[in-house]
Amino acid sequence: MPDNDVYDITILGAGPAGLFGAFYAGMRGLRTKLIESLPQVGGQLAVLYPEKLVYDVAGHPRILAKDLVSQLSTQGLHFGPTVCLDERVELLARREVGDGEEAWVLKSDRTEHLSRTVVITAGIGAFAPNKLEKPGVAHLEGRGVEYFVGDKLPLRGKRILIVGGGDSAVDWCLNLKDWAESITLVHRRDQFRAHEASLAELRLTNIPVLTFWELKRAHGKDRVEGATIFNNKTGEEREIEVDAILVNIGFKASLGSIVQWGLDMADSRHIKVSCLQETNLPGVFAAGDIASVEGNEALSLIATGFGQAAIASNAAASFLKPEARLFPGHSSEMRL
C-alpha cells in the first residue's frame, strides 16, 4: 500500500553518506526516511569488503569496514528515522498532496513514498563483480573461488591466490598476510591501480607479486585444490596448490532508473550538483560518490561523502524553511 505520510526528507541509499545524512537531518528535526536497495545498511562497506581495514576516515587511523558500518548505523539511526531495506526506487515525480502542497513521489518496487525533499546518496548504484571466465572458476564459485569476502575466518591458515591489481587485491594481501599460510598475488600487467601507500607496504612483505601473470584454470572437484597460472608474455605455466582464489578484477555498476528522473547528469554515473549539493530539481539533492560538484571530477572518498551529506541535509532544512540558517550550530551545544 502507498505510504501517504509526507516526510520532510527521504534519503536514497544507506551507505556511509546516507547514514551520516540521516544523522544531520535528525539534528535539524526533520522527519526522515532512509530507503536502501540492499537488505542491509552500509553500502559497499557492508557488501564488498566488510573485513577490510579502512585507513582514510578521520578519527580512525584504521578500522574494519564492518565496525565502521556498525558505528555509522548507531549514529545515523540515533534520531529514529524510518528505514526501508531491500527496496529499490524506480520513479521520482511531483504530486499534489493536499492544501495546494506538492511533494516528491518516490515509487519503488514495493510501494510509493511521499517526501518534501530528497537526498540521493546511491553511491555507484547497483553493482556486480566482473566474473573471470576461466575453466573451473564458475564451477568452484562459492567453494573457494570468491569475489567478495564477508568473513575471513574460513581463510585462516589457507593457501590463497589473489587475482587483480587494484585496491581490493592489494588490501586483501595486507589484510590476510598474518592470517593465511601463504598468499600469491598475480596481476596481468605491471601497473597497479592501488593506493601508493598500500603498494609500498605490500613491497615490504614476503608475498610473491607476479606481474604479467594470470589465472588460467582453477582445479578441484568440490573445493578449490589448486590453480594453473600463466605468464602472458612468455607463455610459461605453473601449477600451484591453493585452497582459495580471491578474484578482484573490478565490478560493473549502473545507476539504473536514476538517469531517467530528469536530473542533469555530469556523465553516465554522476549527478551534477551545486556547492550546496542541489540538483536541477527543486528540493532534490545528491551527495557522495554519485555527486559531481558543478560538473567537476567526483572525489569518491568516504570522507568527502560525509561532508557532502551534511551539506545536503542542512540545505534541505533551509529549503523547507527558507528563514532557517544553513549552519545548524555545533553538535557540542546540542542535547543528543
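This chain uses plain numbering: 1 for the first residue, then up along the sequence. As a basis for the values below, the full set of heavy atoms in this structure was taken, side chains included, without hydrogen atoms, waters or symmetry mates.
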Taking the side chain as every heavy atom from C-beta outward, state whether R116 and I9 have any atom pair closer than 4.5 Å.
no
Side chain of S198, backbone of A194: donor and acceptor closer than 3.5 Å?
no
List the steps and the verdict of side chain to side chain contact (heavy atoms under 4.5 Å, CB included) for Y147 and K131.
CA-CA 8 Å; Y147 291 93; K131 298 298 183 76; 3.3 Å; yes
Heavy atoms, side chains only, cut-off 4.5 Å: are T10 and T117 in contact?
no
So, are K33 and D5 salt-bridged, with charged N and O less than 4.0 Å apart?
no
Is it true that atom CD of E101 has more than 12 heavy atoms of other residues, nucleotides or ligands lying nearer than 6.0 Å?
yes
K152 and N175 side chains, donor-acceptor separation under 3.5 Å
yes
Could you tell me whether K158 and E181 make a salt bridge, using a distance below 4.0 angstrom between a side-chain N and a carboxylate O?
no
Tell me, do L19 and S73 make a side-chain contact under 4.5 Å, heavy atoms counted?
yes
Heavy-atom side-chain proximity of N130 to K252 below 4.5 angstrom:
yes
Is it the case that over 12 heavy atoms from other parts of the model lie below 6.0 angstrom from the NZ atom of K216?
no
Counting only N and O atoms by type, is there a donor-acceptor contact under 3.5 Å from the side chain of S292 to the main-chain atoms of N296?
yes
Hphob cluster co-occupancy, V186 + F192, side-chain heavy atoms under 4.5 angstrom
no
Derivation and outcome, side chain to side chain contact (heavy atoms under 4.5 Å, CB included), residues I229 and L210:
CA-CA 10 Å; I229 58 175; L210 306 181; 3.9 Å; yes
Please find the pair of heavy atoms, one from A287 and one from A312, that lie closest to each other, and give the distance.
CB-CB, 4.4 Å
By side chain to side chain contact (heavy atoms under 4.5 Å, CB included), which residues pair with S318, not counting sequence neighbours?
L326
Salt-bridge contact E241-R159 (side-chain N to carboxylate O under 4.0 Å)
yes
Check for a donor-acceptor pair, side chain of R28 on one end and backbone N or O of Y24 on the other, with a separation under 3.5 Å.
no
With a 4.5 Å cut-off on side-chain heavy atoms, are L202 and I207 touching?
yes
Are the side chain of N280 and the backbone N or O of G262 linked by a donor-acceptor pair below 3.5 Å?
yes
For the pair R95 and E102, find out whether any cationic side-chain nitrogen is under 4.0 Å from an anionic carboxylate oxygen.
no
Between L276 and I311, is there a side-chain heavy-atom distance shorter than 4.5 Å?
yes
Sorted by chain and number, sequence neighbours left out, ring pair (Phe, Tyr, Trp, His ring centres under 6.0 Å) with F306 holds for F20
Can you check whether L45 reaches P16 side chain to side chain, under 4.5 Å on heavy atoms?
yes
For a side chain to side chain contact (heavy atoms under 4.5 Å, CB included) check, start with the C-alpha distance between V163 and I245, then their side-chain angles and the critical distance, and finish with the verdict.
CA-CA 7 Å; V163 181; I245 301 172; 4.2 Å; yes
Between L215 and I249, is there a shared hydrophobic cluster once you connect ILVMFWY residues whose side-chain heavy atoms come closer than 4.5 Å?
yes
When you measure from the side chain of D8 to the backbone of R31, do you find a donor-acceptor pair of N or O atoms at a distance under 3.5 Å?
yes
Can you confirm whether the side chains of R188 and N232 place a donor and an acceptor under 3.5 Å from each other?
no
Give the C-alpha distance, both sets of side-chain angles, the deciding distance and a yes or no for salt bridge (Lys or Arg N to Asp or Glu O under 4.0 Å) between K66 and E51.
CA-CA 6 Å; K66 64 181 181 182; E51 290 283 355; 3.0 Å; yes
For S257 and E90, run side chain to side chain donor-acceptor pair (under 3.5 Å): C-alpha distance rounded to whole Å, both residues' side-chain angles, the deciding distance at 0.1 Å, then the answer.
CA-CA 6 Å; S257 62; E90 299 171 340; over 6 Å; no
Heavy-atom donor-acceptor pair, Q277 side chain to F285 backbone, under 3.5 Å
no
Around atom CZ of R325, are there more than 12 heavy atoms of other residues, nucleotides or ligands at under 6.0 Å?
no
In this structure, CD of E87 is separated from OG of S37 (nearest 0.5 Å) by 10.0 Å
Can you hop from I302 to V119 via hydrophobic side chains spaced under 4.5 Å?
yes
Closest non-hydrogen atoms of L155 and A244, given as atom of the first, atom of the second and distance, are CD2-CB, 3.8 Å
Is it the case that the side chains of E201 and H195 hold a donor-acceptor pair, with the cut-off being a distance below 3.5 Å and no angle test?
no
E36/C84 under side chain to side chain contact (heavy atoms under 4.5 Å, CB included): CA gap, chis, key distance, verdict:
CA-CA 6 Å; E36 170 57 59; C84 304; over 6 Å; no
Could you please spell out the steps behind the salt bridge (Lys or Arg N to Asp or Glu O under 4.0 Å) verdict for K52 and D167?
CA-CA 11 Å; K52 280 176 59 177; D167 285 316; over 6 Å; no
Keeping the roles fixed (side chain from T228, backbone from E239), state whether a donor-acceptor pair exists under 3.5 Å.
no
Are the side chain of S168 and the backbone of N248 linked by a donor-acceptor contact shorter than 3.5 Å?
no
With a 4.5 Å cut-off on side-chain heavy-atom distances among I, L, V, M, F, W and Y, is there a chain of contacts connecting Y55 to W172?
no
Would V137 and V224 show up in the same hydrophobic cluster when neighbours are defined by side-chain heavy atoms closer than 4.5 Å?
yes
Interatomic distance, CD1@I160 vs NZ@K177, rounded to 0.5 Å, equals 13.5 Å
Separation between NE2 of H187 and CD1 of I162, rounded to the nearest 0.5 Å:
13.5 Å
Quick check for you: to the nearest 0.5 Å, what is the distance between L299 atom CG and Q308 atom CD?
8.5 Å
Side-chain ion pair, E236 and R238, N-O less than 4.0 Å
yes
Is a donor on one side and an acceptor on the other found under 3.5 Å between the side chain of T111 and the backbone of K107?
no
Output yes when a side-chain donor or acceptor of D86 lies under 3.5 Å from a complementary backbone atom of L38, and no otherwise.
no
Distance in Å, T82 OG1 paired with L34 CG, rounded so as to fall on 0.5 Å steps
9.0 Å
Say you draw a straight line from CG of L30 to CZ of F79; how long is it, rounded to the nearest 0.5 Å?
10.5 Å
Under a 3.5 Å cutoff, is there a donor and acceptor pairing between the side chains of T32 and Y7?
no
Non-hydrogen atoms of A103 and S115 that approach each other most closely
CB-O, 3.5 Å
What is the minimum heavy-atom distance between F230 and E237, and which atoms define it?
CB-CG, 3.9 Å
Over all atoms of both residues, closest heavy-atom pair of D289 and L301
OD1-N, 4.0 Å
When Ile, Leu, Val, Met, Phe, Trp and Tyr are grouped by side-chain heavy atoms lying under 4.5 Å apart, directly or through other members, which residues fall in the same group as L106?
L12, I35, V89, L92, W104, V118, I120, L255, I258, V259, W261, L263, M265, I271, V273, L281, V284, I290, V293
Side chains of H60 and Q71: does their closest heavy-atom pair fall under 4.5 Å?
yes
Strictly below 4.0 Å, N to O, side chains only: are R88 and D109 in salt-bridge contact?
no
